[in-house]
Amino acid sequence: MTAPNQDAPAPAEQSREVIGVSGLGKRFGSVAALQDVSFSVHQGEFVAVMGPSGSGKTTLLNILSLLDTPTEGSYRLDGIETAHLSEKEQVIIRREKIGLVFQQFHLIPYLNAVENLMLAQHYHSVADRDEAVEALARVGLAERATHLPSQLSGGEQQRVCIARALINAPALILADEPTGNLDADNEALVMGLLESLRDEGRTIVLVTHNPELGDRTGRVIRLQHGKRVA
Amino acid sequence: MAAAKSTAPRRSAGRGRLGMFLHLILRSLTARNGRLGIALAAITVGAAVVSSLTNLYFDISIKMSEELRAFGANVIISPHKTEQKKAGSDRGVDAARLTEALHALPKDKLLGGSPFLYGLVRLDLANAVLVGVDFPGLRTISPYWQVQGSWVSANFDERNAMVGRRLAESMELTVGKTVTITNADRTIRHPVTVRGIIDTGDAEDDQIFVNLSLAEKILNLPGKADFMMASVVLQANEADIVTARLGAEFPDLDIRPIRKISQADGQILEKIQGLMALVAGVILVITTLCVNATLTAMVAERTPQIGLQKAIGASNRDIVVQFLSETAVIAVVATALGLGFGFLLAQALGQAVFSAWVTFRPIVIPLTLFLSLAAALAASILPVRGAIRIAPARVLRGE
């Protein structure tokens, strides 16, 4: 996967702010899961969010992916202030601008690999099988297009997830512990894929507690007890 | 929502969108055969009961009316009351006029009828009431009469008679014996053979029946009859409508339904139809509850997938449309099966209750489809609300 993707942004756009977080906080009752977190991520950056369990990584990722809302602060995504978006607007922005990769893969079990990609296309605009097969080819799974998730290995399922995250050419890819359930070989394969996406100019935020993976990104944001410490 | 520059692909709208949606519905349904089977079976049973009862509902008034004809005549044609008070040779009404009125009743609904002419005669040593009738017609309007021996079969037979049970006992008459009928002024003596002995448990048990032509001669009332009774297959309030129309056509005659019988028709029919509606309603409620339980279990089972669909861009509307479409597909397939089973069930009930086949009514199809869809969609309200409430963030981290 060395050839630049034609959907990737042009070099002139690489300084554009994709994520702008300021004074972000999230409380669950009396518990503060996030406190006063601020940072920016620009176009083409590959950033890791690291921290021990309970540090607020997943809460931050849920807010960045518009699956949750902050109780304090502001979050700008690709120029859009998200604080006052309706649920419907959040859905539209999520399908247009965000690609999600999960630790537990999360594929629809009764749809095969290419159909899982086509479902994301369907919610975005319209399903296009050729384009979906092409996306699978980019992660090396063209020949597995008609296999059900249960017929794929963990590494293959995660590559399908990455292809699905890319299929609508989002402004931001959010990956939550994408190698957490993979063996070393597949971890290397998936990280290689994410790095090649960075090389194409994609903006990626990777949540991990693995320092080695964090070191392979361009920047690390460290959280502890819900606060940014680095 | 401020606009932002998007790098998203612009696919041609309309290409494959419906196809993908239908594909998703099909895969989703076929992926869960077990639960799908339960929902399908529940709606099929509901649709079968509703369609069979609906078929019976539309047929039952005809079948019931036919059954109730076993209780005797339900229409009486007589002269007006002022005419009935006449005596002697002026009494009675033109029998041909009564027959004309009888034949003006709807031919496809008329089972039969008989004129009646009454008079007092002497039978050997005792007095008795002589009744002139049309025996074939009398037999059709009196199917419940118990007859020892046999009916007089022809309406021109003047040699045979039928005698009521109590009269026969008092005169020691048996089938085959001859009795002489003598008129009031003893100018006519006519021997007849007892062909059958009638047991009705009513006034007929004290009477002797002969054909009308013979009675007219013995009573010296040529061409006359007192009234005509008819048995007509009429549903509920049809009796009033038909007799009113006939009354206008024959203003010289009093034509009316026999209330006791026609009201019994209507009351029994109303009760049975009410019972059928109650059974159909209860079955629909049970179906709704069963489908609701199944769909609730399906939503619980699919919670991670619904969460994922929302996370990758499905709106609440997408989820609602998908669930309702799946439910509608199940309901339509189950209704098609239910219509088939329902028709068979209706035939079984028709044979068991009325010994007759039940006619298929096309109205049953849209009615059953509507009720099945309504029950299925009502059953899906709570499960769909549950699906909308699923929070993808919680589901995707395995909570």
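Note on naming: letters A, B, ... go to the chains in the order of the sequence lines (proteins, then strands), and numbering restarts at 1 for each one.
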Exercise. Check whether A:L107 gets within reach of chain B through its side chain, its backbone, both or neither, counting any heavy atom under 4.5 Å.
Key: backbone
Practice problem: Under 4.5 Å, heavy atom to heavy atom: which of residues 336-350 of chain B reach chain A? Give them by number, or say none. | Solution: none
Quiz item: Take atom NE2 in A:H147; do more than 12 heavy atoms of anything else shown fall under 6.0 Å from it?
Solution: yes
Practice problem: Mind listing the closest non-hydrogen atom pair of B:A31 and A:Y110 along with its distance? | Solution: CB-CB, 3.4 Å
Quiz prompt | Rounded distance (nearest 0.5 Å) linking atom NE2 of A:H122 with atom NE2 of B:H23 | solution = 11.5 Å
Practice problem: Against chain B, label A:L119 side chain, backbone, both or neither, depending on which of its atoms sit under 4.5 Å from a heavy atom there. | Solution: both
Quiz item: Atom CD of B:Q305 and atom CG of A:L111: how far apart are they, to the nearest 0.5 Å?
Solution: 8.5 Å
Quiz item: Can you tell which of B:Q309, B:K310, B:R302, B:R317 has the highest number of heavy-atom pairs within less than 4.5 Å of chain A?
Solution: B:Q309
Exercise. Sort and list the pairs that fulfil side-chain hydrogen bond (donor to acceptor under 3.5 Å, both in side chains) and have at least one residue in residues 152-166 of chain A, not counting sequence neighbours.
Key: A:R144-A:E156, A:S153-A:E156
Quiz prompt | Passing option when B:S315 is tested against A:E87, A:R95, A:K88, A:R94 for side-chain contact (heavy atoms from CB on, under 4.5 Å) | solution = A:R95
Quiz item: Taking atom CG of A:N116 and atom CD1 of B:I312, what is their separation to the nearest 0.5 Å?
Solution: 7.0 Å
Practice problem: Write down the atom of A:H106, the atom of B:L308, and the distance for their closest heavy-atom approach. | Solution: O-CD2, 2.8 Å
